[in-house]
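Inspection log for the structure reproduced underneath, given as structure tokens.
Chain letters run A, B, ... following the sequence lines, proteins first, then strands; residues in each count from 1.
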Amino acid sequence: MGVVEERYPFKEIESKWQNKWKCTKDYKVATDQGKPKYYCLEMFPYPSGALHMGHLRVYTIGDVIARFKRRLGYNVLHPMGWDAFGLPAENAAIEHGTHPAEWTKNNIAKMKSQLTRLGTSYDWDREVTSCLPDYYRWTQWLFLHFYHQGLAYRAKAPVNWCPQCATVLANEQVEGGACWRCDTPVVSKELEQWFFKITAYADRLLEDLEDLGWPERVKVMQENWIGRSEGVEVDFPVKGREDKIRIFTTRADTLYGVTYMVLAPEHPLVEELVRGTRYEKDVMDFVARVARMNTADRVAGEGKKEGLFTGAYAVNPLNGEEVPIWVGDYVVMEYGTGAIMAVPAHDQRDFEFARQYGLPIRVVIQPEGWELVAEEMTEAVTDPGVMVNSGPFTGLPSQEGIKKVAAYLEERGIGRKKVNYRLRDWLISRQRYWGAPIPIVYCDGCGIVPVPEEELPVMLPEKVKFRASGPSPLARHQEFVNTSCPKCGKPARRETDTMDTFMCSSWYYLRYTSPWTSRRPWEEEDVNYWMPVDQYIGGIEHAILHLLYSRFFVKVLYDSGLVQAKEPFANLLTQGMVIKEGAKMSKSKGNIVSPDEILEKYGADTARLFILFAAPPEKDLDWNERGVEGCARFLNRVWRLVRRLEDKVPPLGANGASGRGDADGDDAALERSLHQTIKKVTEDVSERFNFNTAISAIMELVNETYSYLEKREESQWNLGLLRETLEGITLVLAPFAPHIGEELWHRLGHKDSVHLCPWPGFDPEKVKAREVTVVVQVNGRVRDRMLVAAETSERDLREMALERERVKKHLSGKKVVKVITVPQKLVNIVAR
RNA sequence: GCCGGGAUGUCGGAACUGGUAGACGAUAUGGACUUAAAAUCCAUUGGGCCUUUGGCCCGUGCGGGUUCGAGUCCCGCUCCCGGCACCA
């Protein structure tokens with residue numbers, strides 16, 4: 001029985017088929033209007049050096065989907081490339097002296113070979129690398145396109161600066177006041193930078209979320225990030241001055257409850273109000289102190305509020321009342337108008353501030369069911385209620401009041417409806433070398449001049465010197481900086497900032513559709529055939545960043561007629577993390593599992609199978625070596641099963657096709673299992689991406705096939721049925737374990753690749769069981785089981801159930817009140 | 001605080017629109033094969049109770065409810081994970 005104990009030689013098999021697939025280019029695709037397309041895409045990696053387990057997981061999931069859809073007859077675009085600009089390359093250059101281009105190139109080579117070893121089915125002819133001039137040329141082209149659309153502008157503004165990365169960051173790249181990449185607290189700096197006007201698309205970015213096949217939580221995260229808020233802006237005149245303080249509020253119904261105003265420390269009016277007054281020194285000291293705090297400190301001081309009276313008063317435009325104007329750190333300049341009306345009775349922050357500084361509290365909304373008394377309140381009451389002390393609005397329900405007061409303000413020209421967003425424009429300048437140069441020239445005479453399209457790309461100079469601190473290599477590179485103005489020809493200076501690498505990744509999926517074109521960023525026919533991406537797969541960490549920027553890009557391109565898709569990614573799958581012993585893999589914890597070691601020890605098929613089997617794709621996956629061994633065991637079982645029978649089972653169509661009507665029904669049972677398995681795998685993969693249950697179904701079929709062989713003498717085996725079964729197993733296993741699938745398929749006598757073979761269908765008739773186990777319950781408790789013909793009628797079921805001895809025992813002394821029957825499932829007898 | 005998601009054996013996880021809770025895999029235990037080990041194969045593997053073949057009871061985070069029947073639906077909580085947050 002030597003063969004039976006054999007383990008499958010994965011090393012030979014895997015390299016054999018990987019070479020074959022490479023030569024035959026089985027996964028190369030072309031635009032084909034006559035075929036339904038399917039664009040399957042995984043987020044392209046940053047070439048950091050080597051794949052980690054997280055990469056292994058995404059690329060395995062994507063590969064299974066691509067292989068599966070191909071087999072279903074789709075023209076599948078499944079490309080791969082490299083998000084190759086970025087800081088680590090530059091930092092490596094500073095530390096080790098390797099040029100970023102060299103470092104990146106080596107990493108790409110390494111990671112590409114790892115992806116090949118994993119058995120992925122990419123069309124490598126479409127590989128894109130964002131740091132190469134033939135790619136970043138178009139990134140620059142897109143910058144100019146945005147510029148010409150009025151969507152790129154240069155502005156001086158307070159921006160987030162990461163001292164560690166020595167560059168500015170977009171708002172999306174600051175997490176809790178710290179740099180998303182290195183976790184260093186960011187500081188605020190006033191700089192002139194390039195911005196993309198993403199806020200102009202806020203509403204569409206919000207509205208179009210609805211139709212996306214994305215996880216709810218990702219949609220909600222984007223919703224929160226955009227932070228749409230409807231309200232009114234109201235002007236409060238300043239007593240004794242021409243100035244007005246404009247505020248934004250969502251609670252116009254509480255306008256009669258205003259007892260003071262607060263300006264943000266950065267508000268331009270602050271200085272003017274206090275100038276020359278006895279309040280000036282204290283207020284300006286306070287303003288300076290707040291300005292010195294970095295973002296992290298200000299976030300950390302959450303809840304603690306500080307403020308000062310400015311000595312000035314504002315007039316409530318509704319009731320003419322004079323209220324003191326304060327300056328306070330709990331009001332931020334970036335949101336709304338940088339000034340608020342304070343209604344301590346109905347806003348928790350105002351309430352805390354008022355209590356702290358002894359400012360008056362006035363109730364103007366009485367919630368239903370209890371009587372609010374300002375002096376007795378311990379917190380603000382924000383619930384809706386009835387308006388009180390509100391002049392002509394008294395007695396109105398507050399929710400109605402919001403609208404009525406707004407209308408009243410608008411009529412009198414003292415206020416207007418306004419929608420505010422939390423979303424800020426996207427700051428795309430970076431003070432670093434390893435990125436796409438911003439194609440702009442500054443001329444003393446002409447000002448900001450875009451580099452003409454035909455002069456693209458603005459090449460990143462290769463010979464530069466890296467230093468640990470100071471200006472970026474680009475800013476110090478005189479030949480790069482000094483140029484002539486494209487407009488007037490006089491000496492001019494180039495922009496030395498490069499673009500945020502999120503620019504590069506905002507359009508790479510468009511480039512994949514026609515990466516060879518050198519005349520345009522993409523060919524219209526190709527981009528419109530393939531887009532949108534049907535299934536996008538990647539980590540949740542890009543829920544806002546990459547996914548929001550890409551959506552913005554496509555909307556802009558749609559508006560200019562460059563693409564027909566309104567959204568880049570129709571469906572999104574966010575895969576969970578790979579963890580070990582309940583913790584994220586990290587160097588400090590020493591729980592890192594290396595993909596190379598896994599591929600070496602167990603092979604790609606086993607690694608893939610475990611990744612897919614251990615958890616559904618959205619959930620975290622706990623890496624467990626014993627589980628990996630279980631998957632290796634399973635593949636060996638399949639291997640031995642085919643090896644044992646490959647010379648015995650006749651080709652399909654020849655004599656010995658599966659005979660039915662065998663006396664004991666084992667043949668029918670095995671055949672049924674086969675069809676049920678195909679059905680289950682098909683549904684689990686196509687409808688829900690539940691690879692784990694699909695694989696367990698295949699395991700069950702393999703177990704049953706072994707049982708079948710065990711049960712009978714070899715002479716009694718139905719060899720035709722066994723061939724059908726073995727082929728079925730191979731066909732459905734192939735997307736998950738492509739190498740062994742291909743090998744077994746060929747061992748079974750086939751000449752073509754299993755991966756190009758149509759997905760097997762199932763016969764709905766053969767899925768149905770002839771006999772089923774029906775459960776008999778008495779008062780909802782299972783008391784017996786009956787094996788009956790599947791088509792047994794409800795009446796028969798009921799009668800049979802009532803006749804069962806065990807049932808009678810439980811019915812003794814009771815009266816049958818009701819009998820519920822569910823054909824093929826159960827009978828429930830209700831007795832009292 | 002607001003929003004989203006979750007809690008099922010020893011572990012990873014199954015259970016379609018309410019209908020046999022624990023599929024599949026791992027672990028553990030026992031057995032077969034072997035000089036022995038590995039590998040392989042077979043059996044058992046939620047808890048408790050009863051004298052057995054067998055049977056009974058409990059059990060899907062907690063407390064209620066709806067229903068013939070609830071892991072699944074409803075109400076009220078607890079805890080965990082994630083996002084946002086002086087956002088006016």
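Side chain to side chain, A:T693 and A:D684 meet the donor-acceptor criterion of an N or O pair below 3.5 Å. If you check the side chains of A:E172 and A:W225, you find a donor sitting under 3.5 Å from an acceptor. Checking A:Q173 against A:R181 by side-chain atom types alone, no donor-acceptor pair falls below 3.5 Å. Under 3.5 Å, the side chains of A:E352 and A:Q356 contain no donor-acceptor pair of N or O atoms.
A gap of 13 Å separates the C1' atoms of B:rG12 and B:rG22, to the nearest Å. For B:rG5 and B:rC57, the C1' atoms lie 35 Å apart once the distance is rounded to whole Å. B:rC50 and B:rG31: their P atoms are spaced 27 Å apart (whole Å). Rounded to whole Å, the separation between the C1' atoms of B:rC74 and B:rU67 comes to 12 Å. To the nearest whole angstrom, the two P atoms, one in B:rA26 and one in B:rG13, are 16 Å apart. As rounded to the nearest Å, B:rU45 and B:rG30 have C1' atoms that lie 11 Å from one another. Comparing B:rU52 with B:rC16, their C1' atoms sit 41 Å apart, to the nearest whole Å. Comparing the P positions of B:rU10 and B:rG6 gives a spacing of 23 Å, expressed to the nearest Å.
A:N636 comes within contact range of no nucleotide atom at all, as no heavy-atom separation falls under 4.0 Å. Nucleic acid contact for A:R422: base, since at least one base atom lies under 4.0 Å from a heavy atom of the residue. Residue contacts shown for A:H346 are absent, as no nucleic acid heavy atom lies under 4.0 Å away. Within 4.0 Å of A:V775, counting heavy atoms only, lies at least one base atom of the nucleic acid. Heavy atoms of A:P215 sit nowhere under 4.0 angstrom from any nucleic acid atom.
A salt bridge links A:D666 with A:K711: the distance from a Lys NZ or Arg NE/NH1/NH2 to an Asp or Glu carboxylate oxygen falls below 4.0 Å. Ion pair A:E334/A:R424 not flagged as a salt bridge, since none of the NZ, NE, NH1 or NH2 atoms sits closer than 4.0 Å to an Asp/Glu carboxylate oxygen. A salt bridge between A:R806 and A:D784 is present, with a side-chain N of the basic residue lying under 4.0 Å from a carboxylate O of the acidic one. Note on A:K809 versus A:E805: no salt bridge recorded, every NZ/NE/NH1/NH2 to OD/OE distance being 4.0 Å or above. Between A:K580 and A:D622 there is no salt bridge, since no side-chain nitrogen of the basic residue lies less than 4.0 Å from a carboxylate oxygen of the acidic one.
Rounded to whole Å, atom P of B:rA14 lies 19 Å from atom CG of A:N703. Straight-line distance from the CD1 atom of A:I820 to the P atom of B:rA70: 12 Å, rounded to whole Å. Taking atom NZ of A:K818 as the reference point, atom P of B:rG69 lies 9 Å away to the nearest angstrom. In this structure, A:Q777 atom CD and B:rC68 atom P are separated by 13 Å, rounded to whole Å. Between the C1' atom of B:rC56 and the NE2 atom of A:H810 lies a distance of 8 Å, rounded to the nearest Å. Here B:rA88 presents its C1' atom at 13 Å from NZ of A:K418, a figure rounded to the nearest Å. With rounding to whole Å, A:Y421 atom OH is found 18 Å from B:rC84 atom C1'. When the P atom of B:rC86 is taken as reference, atom CG of A:D347 falls 13 Å away, rounded to whole Å.
In this entry the base of B:rG9 is syn relative to its sugar, with a glycosidic angle within 90° of 0.
In this structure, A:W326 and A:F353 have perpendicular ring planes: the angle between them is above 60°, well past the 30° mark.
Between A:R688 and B:rA15 there is a side-chain polar atom (N or O) within less than 4.0 angstrom of OP1 or OP2. Close to B:rC57, at under 4.0 Å from its OP1 or OP2, lies a side-chain N or O of A:R783.
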* In sequence, state the C-alpha distance, the side-chain angles, and the governing distance for A:V364 and A:M387, and then conclude on side chain to side chain contact (heavy atoms under 4.5 Å, CB included). => CA-CA 6 Å; A:V364 290; A:M387 294 174 70; over 6 Å; no
* To do: Determine, step by step, whether A:L826 and A:V776 satisfy the side chain to side chain contact (heavy atoms under 4.5 Å, CB included) criterion, reporting the C-alpha distance in whole Å, the side-chain angles of both residues, the deciding distance to 0.1 Å, and the verdict.
  => CA-CA 6 Å; A:L826 61 69; A:V776 185; over 6 Å; no
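Between the base of B:rC86 and the side chain of A:K305 there is a donor-acceptor pair shorter than 3.5 Å.
Considering only the side chain of A:P616, B:rA14 comes nearest among B:rG4, B:rA88, B:rA14. The side chain of A:V830 sits closest to B:rC68 out of B:rC68, B:rA88, B:rG19. Closest approach to the A:R217 side chain among B:rC16, B:rC86, B:rG82 is made by B:rG82 (side chain taken as heavy atoms from C-beta onward).
Both the sub-6.0 Å distance and the 45° axial angle are satisfied by A:R637 relative to the ring of A:Y706. In this structure, A:R7 is not positioned above the aromatic face of A:W639 in the sense of NZ or CZ being under 6.0 Å from the six-membered ring centre and within 45° of the axis.
Comparing A:R806 and A:R349 by the nucleotide of RNA chain B that holds the closest heavy atom to each, the one mapping nearer the 5' end is A:R806. Of the two residues near RNA chain B, A:A339 and A:I544, the one whose nearest nucleotide lies more 5' is A:I544.
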Close N/O contacts between protein and nucleotides 44-49 of chain B (under 3.5 Å):
none

What protein N or O atoms touch nucleotides 8-12 of chain B N or O atoms at under 3.5 angstrom, if any, and at what distances?
residue: B:rG12; atom: O2'; partner: A:A614; partner atom: O; Å: 2.6

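Within residues 218-229 of chain A, the residues that have a heavy atom under 4.0 Å from RNA chain B are, in order of number, A:V220, A:M221, A:N224, A:S229.
Taking the centre of each ring, A:Y708 and A:W717 stay at or above the 6.0 Å mark.
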* Structure fact -> Output field dot_bracket for RNA chain B (Watson-Crick or G-U, both distances under 3.5 Å, | for other-strand pairs) contains (((((((..(((......[....))).(((((.......))))).(((((...)))))..(((((..]....))))))))))))....
What pairs of donor and acceptor atoms, side-chain ones from residues 257-264 of chain A against any protein atom, are under 3.5 angstrom apart with sequence neighbours left out?
residue: A:T259; atom: OG1; partner: A:P360; partner atom: O; Å: 2.8
residue: A:Y260; atom: OH; partner: A:Y330; partner atom: OH; Å: 3.3
residue: A:Y260; atom: OH; partner: A:D350; partner atom: O; Å: 3.0

Please tabulate, one pair per line, all N/O donor-acceptor pairs under 3.5 Å involving side-chain atoms of residues 211-221 of chain A, not counting sequence neighbours.
residue: A:W214; atom: NE1; partner: A:F569; partner atom: O; Å: 2.8
residue: A:K219; atom: NZ; partner: A:L209; partner atom: O; Å: 3.3
residue: A:K219; atom: NZ; partner: A:E210; partner atom: O; Å: 3.2
residue: A:K219; atom: NZ; partner: A:L212; partner atom: O; Å: 2.9

